[in-house]
Amino acid sequence: MGFAPEQVDRMSFWQFRACVDGFNKANGAEETIPAPTDAEFDALLEGKSLNGE
């Protein structure tokens with residue numbers, strides 16, 4: 001996250017946890033990726049591209 005150890009030492013636990021949550025959200029950790037359908041999974045097993053390339 002880019003904090004120096006001294007900065008982390010001066011933070012309370014809830015402050016650090018808020019930084020972790022914000023960092024994760026800013027970097028896409030909140031997004032869920034849907035599972036492939038059965039047809040998509042079968043196509044992947046066969047080595048086919050799902051995006052038409």
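Excluded from the calculations below are hydrogen atoms, water molecules and symmetry mates; all remaining heavy atoms, backbone and side chain alike, are included. Every value quoted in this text rests on a predicted model; they were computed, and no experiment measured them. All residue numbers refer to positions in the sequence shown, counting from 1.
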Fill in the blank from the handout: Cluster membership besides Phe3, Ile/Leu/Val/Met/Phe/Trp/Tyr side chains within less than 4.5 angstrom, sorted by chain and number, is Met1, Val8, Met11, Phe16, Val20, Phe23
Problem - Donor-acceptor pair, side chain of Gln15 and main chain of Ser12, under 3.5 angstrom - result: yes
Exercise for the section: Check salt bridge (charged side-chain N to carboxylate O under 4.0 Å, His left out) between Arg17 and all other residues, then give those that pass, not counting sequence neighbours. Expected result: Asp21
Completion exercise
Residue set satisfying side-chain hydrogen bond (donor to acceptor under 3.5 Å, both in side chains) with Gln7, at least two apart, ordered chain then number -> none
Practice task
Check salt bridge (charged side-chain N to carboxylate O under 4.0 Å, His left out) between Glu6 and all other residues, then give those that pass, not counting sequence neighbours.
Solution key: none
Exercise for the section: Report, as yes or no, whether the 6.0 Å neighbourhood of atom CG on Asp9 holds more than 12 heavy atoms from other residues, nucleotides or ligands. Expected result: yes
